[in-house]
There are 2 protein chains.
Amino acid sequence: MTLKKKTSRSGSGTTMAEVAALAGVTKMTVSRVLRHPEKVNPDTRKRVTTAMAELGYIANRLAGGLNAGTSGLVAAIVPTLRHSLFADTLEGISDVVSEAGLGLFVSSSAYRSDVEESQIRSILERRPDALMLTGLTHTKAARDLLRGFGIPVVETWETGDDPVDMAVGYSNREAAHAMTAELIRSGYRRIAFVNGPAENNERARHRAEGYLAAMKEAGLSAPPIHVVHDEAAIRPETGAKAIRVLRQQSDIDAVFFTSDIFAVGAILACRELGIDVPAQLGIAGFHDLDVGRVVSPTLTTVQVPAMEMGRKAGHMILARLAGKRLATHRQDLGFSIISRESTRRPH
Amino acid sequence: MTLKKKTSRSGSGTTMAEVAALAGVTKMTVSRVLRHPEKVNPDTRKRVTTAMAELGYIANRLAGGLNAGTSGLVAAIVPTLRHSLFADTLEGISDVVSEAGLGLFVSSSAYRSDVEESQIRSILERRPDALMLTGLTHTKAARDLLRGFGIPVVETWETGDDPVDMAVGYSNREAAHAMTAELIRSGYRRIAFVNGPAENNERARHRAEGYLAAMKEAGLSAPPIHVVHDEAAIRPETGAKAIRVLRQQSDIDAVFFTSDIFAVGAILACRELGIDVPAQLGIAGFHDLDVGRVVSPTLTTVQVPAMEMGRKAGHMILARLAGKRLATHRQDLGFSIISRESTRRPH
DNA sequence: ACCAAATAGGATACCGGTAACACGGAGAAA
DNA sequence: TTTCTCCGTGTTACCGGTATCCTATTTGGT
């Protein structure tokens, strides 16, 4: 038998016109049933809904969106999904925007602004209604692109002076400052600082600044910052390695890691090396991950509002899409210092 | 001044027609420059690309997709993003499909099939090219919907007899069986099993089956299965509570938790209660999370291919989209038992 | 019984691209 | 020269909806 040009791809292919034909109306009426049901006579409406059910009709949002010039999509770019922190942020924004009927488009940039830029380009081709970014570091081209495009953009995980549009985060500088001060308060003096690479990551840079400022204010000299490069993922072994290097280099009495993962690796290494934490060496981390609660001694760390930043970003986006002018484009959600055993220095 | 109907929303609003006008061609030629550059005279091409740059033109994939009947989107539904395991799976599929120019659409179902069903409905309205699901438990309506729609569907995290389309995972039944056997081999006999609720989660159900089978094969009687309900997130405290209940109920000598989080909570509780792990009580977990490597004693667990499942799912989808008939629609990626201190029974 | 207002649904155009075909002109073959 | 091709571009139609305007009935007030 001869196939018609338009093979009915069953369900997936059913169009409004087919539904209309079956119900004996035009597609405009079908469209009304979906969009403004009150404007359609109940009997007709019934006929149409029956026809839709019979054919298993599924509306095509692409078509509708083309008309409306919108996609119903919120895009989010995170450095990686393999870090529970960013996944928490995504869960937060997902919760909020999906409530509003918007979908979440996700991509991960591997901590690279150039990758991020190319992702932004391809994301904009999908005409998202809004965009969530991680951090404030973007290529100039990316910033221009976003500014020109005009959709709401929220940057997360850091607060700063010159957001592309809106920002929600906490101050990594203050957080690192506060933790350093906490270590000093606990009696530590020769405090080393272990950071990730700061070039493409203003969070790391700001934390370094906070640390240095706190040391300076206390009149302490800061040992050289130890930078660790973790390729694929952030691994505890890297923290362990840092400990071995540091204790040969200088007579430090505490180490402040900018990730709990590193800090925990360090604690385990100290156990092996016979270094008493916290008596001989205080150890602090960052992010308040599960591991820090479980390791012994438990880890002093900085708690950050990972999920809350996502939720807040979602709310800001929704508010803007609803046409509201926001009172503030920048939200600082703060952080808190969680003091646990790893810095409880006996005196 | 009077606004034209079509306000140039700068960048975001630039259309192919505007580029065409500036370059002195029709939009068809602009389209060709993007899609089949070789068919366009180099001079013309240059004029067009210049015009695109000048106007900051960004193609609209919605429009192109409407024509092609495709969205360039792969959708993925996970129970939650707050569990690093599922985030790992997403990272896997994201890596693979984004390489192919496809985008990732994510939603989380909160472990509920009814929510999943409604998400599937709204996802299909976006005409994704393929769909990734977690688990094999779906409402009948959801299965019918997907079968009728005809796009590639991959179910992950479990293997079973009747996938909607394709499946990639490991056998939770065999994994639980193997771990139970491992405990028995280590000398434990009164082995309790702590599971999450199994109604909407065939992974939990299969693990229970595997445990029971292994006990039976060894001629051991299984204590009643202890089911824990963790509302929002999976928390260590729940494991701790389970331990307190269990040790009053029966004279068990080992507990097999179906999550490392619970198991770790249990280990910490044992430390408080003065129960010696592994001498008095063996403890095993599931999933091989970071916490299990860090806690003391380190946790015996089942390692599952979280990220690999995502990658494999991505590859299967790409193969199908490329028109290949797959040799096998079901992939078992296996698991491995990681034996650590928490079940190293002294004899 | 007559006209205005309200109601229900159709006709048309358009969203921003792209496939398919048409067409004019240049160079090759005859 | 004339005819045949190929090349580069324009024309037309369509993807699947929706806003807008328009027409044909009701409905109701007087």
Side-chain angles (χ1 to χ4, degrees), chain A residues 4-9 11-49 51-52 55-72 124-127 129, chain B residues 4-9 11-48 51-52 55-72 124-127 129 149:
Chain A
K4 279 239 190 109
K5 228 172 203 165
K6 227 176 212 282
T7 32
S8 142
R9 278 165 297 165
S12 79
T14 333
T15 99
M16 214 169 231
E18 291 168 2
V19 174
L22 181 58
V25 295
T26 60
K27 53 180 186 158
M28 197 55 238
T29 302
V30 178
S31 171
R32 281 201 191 93
V33 169
L34 291 171
R35 213 141 293 278
H36 312 284
E38 76 288 353
K39 291 191 174 175
V40 178
N41 179 298
D43 290 349
T44 318
R45 199 190 304 159
K46 188 77 176 289
R47 279 211 323 281
V48 171
T49 46
M52 292 198 296
L55 295 175
Y57 173 68
I58 298 174
N60 184 336
R61 256 184 111 151
L62 269 53
L66 176 57
N67 218 316
T70 185
S71 61
L124 291 183
E125 295 189 347
R126 297 177 187 276
R127 297 293 186 272
D129 292 356
Chain B
K4 278 240 188 107
K5 229 173 204 164
K6 231 177 210 284
T7 31
S8 142
R9 278 164 297 162
S12 78
T14 335
T15 101
M16 213 169 231
E18 291 168 4
V19 175
L22 181 59
V25 295
T26 60
K27 54 182 184 156
M28 196 57 235
T29 302
V30 178
S31 170
R32 281 200 192 94
V33 169
L34 292 171
R35 215 140 292 279
H36 313 283
E38 76 286 354
K39 292 191 173 174
V40 178
N41 179 299
D43 290 351
T44 319
R45 201 190 303 160
K46 187 78 178 287
R47 279 212 323 280
V48 171
M52 293 199 294
L55 295 175
Y57 173 68
I58 297 174
N60 183 337
R61 256 184 110 151
L62 270 52
L66 177 57
N67 218 318
T70 186
S71 60
L124 291 183
E125 295 189 348
R126 296 176 186 277
R127 297 292 186 272
D129 291 356
F149 205 74

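Chain naming here is simple, since letters A, B, ... match the order of the sequence lines and numbering starts at 1 in each.
Residues that satisfy the side chain to side chain donor-acceptor pair (under 3.5 Å) test with A:Thr70, not counting sequence neighbours, are A:Asp129. With sequence neighbours left out, A:Asn67 forms a side chain to side chain contact (heavy atoms under 4.5 Å, CB included) with no residue at all.
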Contacts under 3.5 angstrom, residues 19-37 of chain B side chains, donor-acceptor by atom type, not counting sequence neighbours:
none

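If you take OG1 on A:Thr49 and CE on A:Met52, they are separated by 5.5 Å, rounding to the nearest 0.5 Å. Between the CZ atom in B:Arg126 and the CG atom in A:Asn60 there is a gap of 11.0 Å [rounded to 0.5 Å]. The CZ atom of A:Arg45 sits 13.0 Å away from the NZ atom of A:Lys39 when rounded to the nearest 0.5 Å. Expressed to the nearest 0.5 Å, how far NZ of A:Lys46 lies from CG of A:Asn41 amounts to 12.0 Å.
Atom CZ of A:Arg126 and atom C1' of C:dC15 are 19 Å apart (whole Å). We find that CZ of A:Arg127 is positioned 9 Å from C1' of C:dG16, with the value rounded to whole Å. The separation between B:Leu66 atom CG and D:dA13 atom P is 18 Å, rounded to whole Å. Per the geometry, CG belonging to A:Asn60 stands 6 Å off C1' belonging to D:dG16, to the nearest Å. The distance between atom CZ of A:Arg35 and atom P of D:dT20, rounded to the nearest whole Å, is 14 Å. We find that CE of B:Met16 is positioned 13 Å from P of D:dG10, with the value rounded to whole Å. One can place CG of A:Leu62 at 12 Å from C1' of C:dG17, the figure rounded to the nearest angstrom. If you measure from atom CE of A:Met52 to atom P of D:dG17, you get 11 Å, rounded to the nearest angstrom.
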5' to 3', nucleotides 5-14 of chain C under a 4.0 Å protein heavy-atom cut-off (B base, S sugar-phosphate only, - none) gives ---SBBB---

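In terms of position on DNA chain C, the residue among B:His36 and B:Ala63 whose nearest nucleotide sits closer to the 5' end is B:Ala63.
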Evaluate the side chain to side chain contact (heavy atoms under 4.5 Å, CB included) criterion for residues A:Arg127 and B:Ile58: first the C-alpha distance (whole Å), next the side-chain angles of each, then the deciding distance (0.1 Å), finally the verdict. CA-CA 9 Å; A:Arg127 297 293 186 272; B:Ile58 297 174; 3.6 Å; yes

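Residue B:Leu66 comes nearest to A:Ala63 through the heavy atom pair CD1-CB, 3.7 Å, listed as atom of the first residue, atom of the second, then distance.
Rounded to 10 degrees, the angle between the two end axes of the helix from C:dA1-D:dT30 to C:dA30-D:dT1 is 40°, with five pairs used at each end.
Between B:Ser31 and C:dG17 there is no side-chain N or O to OP1 or OP2 distance below 4.0 Å. Between A:Tyr57 and D:dG17 there is a side-chain polar atom (N or O) within less than 4.0 angstrom of OP1 or OP2.
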